[in-house]
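Working notes, beginning with the structure itself.
Below, each value reflects all heavy atoms present in this structure, side chains not excepted, and no hydrogens, waters or symmetry copies. Order of the sequence lines sets the chain letters (A, B, ...), proteins ahead of strands, with each chain counted from 1.
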There are 2 protein chains.
Amino acid sequence: MLPNPSLQISGERFTVVYAIRAASEGEALARAKDMALEQTVEFPEELVPPGDILQHVVGRIESCRPAGEGRFEAAISYAVETVGGELPQLLNVIFGNSSIKAGLRVERLELPESLLVDFHGPRFGRDGLREHLGVHNRPLLCTALKPMGLTARDMADLAYQCALGGIDIIKDDHGLGDQPFAPYWERMQRCSEAVLRANAETGRRSIYMPNVTGPAEKVVESARFARQVGAGGILICPGITGIDVMRYLADDEEIGLPIMSHPALQGNFVTSPESGISHYALFGQIARLAGADATIYPNWGGRFAFSKAECESIAAGTEVEMGGLKPIFPTPGGGMTLERIPELFEVYGKDVIFLVGGGLFKQGPNLVENCRHFLSMIS
Amino acid sequence: MLPNPSLQISGERFTVVYAIRAASEGEALARAKDMALEQTVEFPEELVPPGDILQHVVGRIESCRPAGEGRFEAAISYAVETVGGELPQLLNVIFGNSSIKAGLRVERLELPESLLVDFHGPRFGRDGLREHLGVHNRPLLCTALKPMGLTARDMADLAYQCALGGIDIIKDDHGLGDQPFAPYWERMQRCSEAVLRANAETGRRSIYMPNVTGPAEKVVESARFARQVGAGGILICPGITGIDVMRYLADDEEIGLPIMSHPALQGNFVTSPESGISHYALFGQIARLAGADATIYPNWGGRFAFSKAECESIAAGTEVEMGGLKPIFPTPGGGMTLERIPELFEVYGKDVIFLVGGGLFKQGPNLVENCRHFLSMIS
């Protein structure tokens, strides 16, 4: 009933390593086989045309071995052609339907040059962002404008103080959208101008990163506007806008700004230890593949429950060899205080962005002084 | 150090009901309070300006009560102004950062007319899609073109046979992108033409729904192209493109086609019973809010693990009163066979789309006859 076409297949394959929850090796193999079909032909095996489709298009189990109590690790390879050179379909092949099954987790991606050639990844990366900011030999400092409810003038005043105090990156809180309290376009203009004004006094090259997360028809326009008004970068929540929107912003020549990725609404990929996508792959490899120059995630010991090992794995994913993709900055945040900086400096080294939000206000009554103190801790 | 502005606040609020994992009522209340801050000002409570921001912008705990062993249900209301009339920010207020915390789950949304007025939801809804298809008094039938690897001509031939056999909606498999096996634009044209040709023979109004999930710069263009070449609807995976992209397609006059939503990469919102977003809210309320006319999800007893109660809750979410938003079609699929149809007809009634993919090929060697059999089961 079904045709059995001869396909032009390069033979190039990429590999996804999955953790599988299973009671036995037999069950693990059955689950792996199920994934190999689910992620490609989505068809019962007995119906798959037996020629090239079964041989090449269906995922191939490269290995499946025990990895702890009730846990197995399977490597499944897929033909590069199944992706068609597009990031959304790459994500779909990696985990689209299998995301709906508990006890399956993407551990890491092994992507060959033949696939990566279609992706540019981060425009700036670590070196480019350091060049952009003129800061070469220390961690970068970042803070967030908040709370929601302040006016655009209030936000700009905070941005000015932070830049004056030496914060490198002053970003919008990710919850700032187009609320009537601080209309979007006004906030972008005022805050950009405020940071440029502070730079004129300090001689630094601090940047303001507005949050461009918003309606589909507005994201690109607002990122271009950010460039026009002198914002030095942009913040986006790929879990809300769609991850390929971030990739588009990174690729767009007219925008050409560094991008910081925020994890809002991506959390449920990592809230279960046995389902979803690993911290390493999601906040490290995938964020980078999709063009982030810096990847925000909650650091251990703050308001969220990531472990130290998970945070270190993200940092590893930001710099693991991935063809020609530049390494990017791990950006731990989420309830950090200044007291923690020495400990974190020890763990992350200098290639990190420290994101301190509310904690920056707790040090003392003078925000500019608090920022200077923050800077002094890592200089 | 922080300003304390007077805000213009309407007093209109919307409510999110969350399930919270906690050992005691005290812990549940603390977690609810934490969410009320996290989802809005994202600031330590002691730093929040004590006037309108604390009174109105911070989420308000409306209730918190036990809901089973180690589980509580809390209703938190938010000022309509925090959303700024935009779907991405609505999702962000509902669950952005809290998605990163295990043991918090969105159970249901209670959205007032004052908020819903900014959202059009589905363009067609149940009545509109029935009108579009000319089918009024029975469940609708849907199948998927697959497996990946067939040529565009092969796919078009399958589409022709399915339409000839009386399938109402012939959609792309969600894994069909722009693979070299069946280039995207060619597949859309050939399959649209094939279904129109079958309709000319049968007198029916079956439709082809190409998968427009793809790169950010291509989605709108391809949805418009679908309309031009005579496709009668579009399929999209909002978990991959970003959910607001679906909303945009639904709102766009030039496209003006029915939309079917596919759950790929949304699975980890529902793989844990205590974290994420409920089936009811995600595949029912949110899909509808974001413009889907039909919402695909895996039915119980197929390849996936959704329970019958979860599937029934989705169906409830597709029709619960939500201001002026039209009810939409629950579309159970995921390993369904024709034998199950009578049982499902019993549960869902006639306002449902039955999606049978591979199962349609198992009935016998003649695809057209299999489709006719499928149709006869519910006519």
Original post:
Checking heavy atoms, do the side chain of A:Y248, its backbone, both or neither come under 4.5 Å from chain B?
Top reply: side chain
Original post:
When only pairs under 4.5 Å are counted, which of B:A305, B:G214, B:G357, B:G177 shares the most heavy-atom pairs with chain A?
Top reply: B:G214
Original post:
Say you draw a straight line from CD of B:E86 to CD1 of A:I240; how long is it, rounded to the nearest 0.5 Å?
Top reply: 11.5 Å
Subject >> Heavy atoms from other residues, nucleotides or ligands near CZ of B:R21 exceed 12 (cutoff 6.0 Å) >> reply: yes
Original post:
Do the non-hydrogen side-chain atoms of A:F304 and B:E38 ever get within less than 4.5 Å of each other?
Top reply: yes
Original post:
What's the spacing between A:E42 CD and B:K146 NZ if we round to 0.5 Å?
Top reply: 4.0 Å
**OP:** Would you mind telling me which of A:V57, A:N4, A:L158 has the largest number of heavy-atom pairs within less than 4.5 Å of chain B?
**Re:** A:V57
Original post:
Could you go step by step and tell me if B:L265 and A:I94 meet the side-chain contact (heavy atoms from CB on, under 4.5 Å) rule?
Top reply: CA-CA 9 Å; B:L265 220 60; A:I94 291 170; over 6 Å; no
Original post:
Which atom names give the shortest non-hydrogen contact between B:P147 and A:F43, and what distance separates them?
Top reply: CD-CE2, 4.0 Å
**OP:** Answer with side chain, backbone, both or neither: which region of A:L7 has an atom nearer than 4.5 Å to a non-hydrogen atom of chain B?
**Re:** side chain
Original post:
Is A:I100 close to B:Y297 at the side-chain level, that is, under 4.5 Å between some pair of heavy atoms?
Top reply: no
Original post:
Do you know which of A:A264, A:G85, A:A102, A:P298 has the most heavy-atom pairs under 4.5 Å to chain B?
Top reply: A:A264
Subject >> pair B:I53-A:F181: side-chain heavy atoms closer than 4.5 Å >> reply: no
**OP:** Look at B:V93, B:T213, B:N97 and state which one has the largest set of heavy-atom pairs under 4.5 Å with chain A.
**Re:** B:N97
Subject >> Shortest non-hydrogen contact from A:P215 toward B:D244 >> reply: CA-OD2, 3.0 Å
Subject >> Winner by heavy-atom pair count (cut-off under 4.5 Å) against chain A, out of B:K362, B:M148, B:Q266, B:H262 >> reply: B:M148
Original post:
Distance-only, no hydrogens or angles: does the B:Q89 side chain make a donor-acceptor pair with backbone N or O of A:D178 under 3.5 Å?
Top reply: no
Original post:
Side chain, backbone, both or neither: which part of A:P3 has an atom under 4.5 Å from a heavy atom of chain B?
Top reply: both
Original post:
Do A:Q8 and B:P180 have side-chain heavy atoms sitting under 4.5 Å apart?
Top reply: no
Subject >> chain A contact via B:P5 - side chain, backbone, both or neither, heavy atoms under 4.5 Å >> reply: side chain
Original post:
Does the side chain of A:S272 come within less than 4.5 Å of B:S275's, by heavy atoms?
Top reply: no
Original post:
Using non-hydrogen atoms only, which part of A:P238 is less than 4.5 Å away from chain B: side chain, backbone, both, or neither?
Top reply: neither
**OP:** Return the option, out of A:G334, A:C237, A:G276, with the maximum number of heavy-atom pairs under 4.5 Å with chain B.
**Re:** A:G276
Original post:
A:P44 versus chain B, heavy atoms under 4.5 Å apart: side chain, backbone, both or neither?
Top reply: side chain
Original post:
With a 4.5 angstrom heavy-atom cut-off, which part of A:H56 approaches chain B: side chain, backbone, both or neither?
Top reply: neither
Original post:
Side chain, backbone, both or neither: which part of A:D173 has a heavy atom under 4.5 Å from chain B?
Top reply: side chain
**OP:** Output the option from A:A144, A:G149, A:G103, A:G335 having the highest count of non-hydrogen pairs under 4.5 Å with chain B.
**Re:** A:G149
Original post:
With sequence neighbours excluded, what pairs up with B:Y184 under the ring-ring contact (aromatic ring centres under 6.0 Å, His included) test?
Top reply: none
**OP:** Using the test salt bridge (charged side-chain N to carboxylate O under 4.0 Å, His left out), find all partners of B:D251 that sit at least two apart in sequence or belong to another chain.
**Re:** B:R247
**OP:** Evaluate the side-chain proximity of B:L2 to A:D154: yes if any heavy-atom separation is below 4.5 Å, no if none is.
**Re:** no
Subject >> Point-to-point distance, once rounded to the nearest 0.5 Å, from CG of A:L104 to OG1 of B:T271 >> reply: 9.5 Å
Original post:
Using a cut-off of under 4.5 Å for heavy-atom pairs, which of A:L91, A:L150, A:V245 has the most such pairs with chain B?
Top reply: A:L150
Original post:
Measuring heavy-atom distances to chain A, does B:P49 have an atom under 4.5 Å in its side chain, in its backbone, in both, or in neither?
Top reply: side chain
Subject >> Contacting moiety of B:T82, where chain A heavy atoms sit under 4.5 Å >> reply: both
**OP:** Check whether A:L47 gets within reach of chain B through its side chain, its backbone, both or neither, counting any heavy atom under 4.5 Å.
**Re:** side chain
Subject >> Heavy-atom donor-acceptor pair, B:N92 side chain to A:H174 backbone, under 3.5 Å >> reply: yes
**OP:** Heavy atoms only, distances under 4.5 angstrom: which of B:G359, B:S99, B:G84 has the most pairs with chain A? Name it, please.
**Re:** B:S99
**OP:** Decide yes or no for A:P88 and B:V219: does some side-chain heavy atom of the first lie under 4.5 Å from some side-chain heavy atom of the second?
**Re:** no
**OP:** Nearest 0.5 Å please: distance from the CD1 atom of A:I277 over to the CG atom of B:N268.
**Re:** 7.0 Å
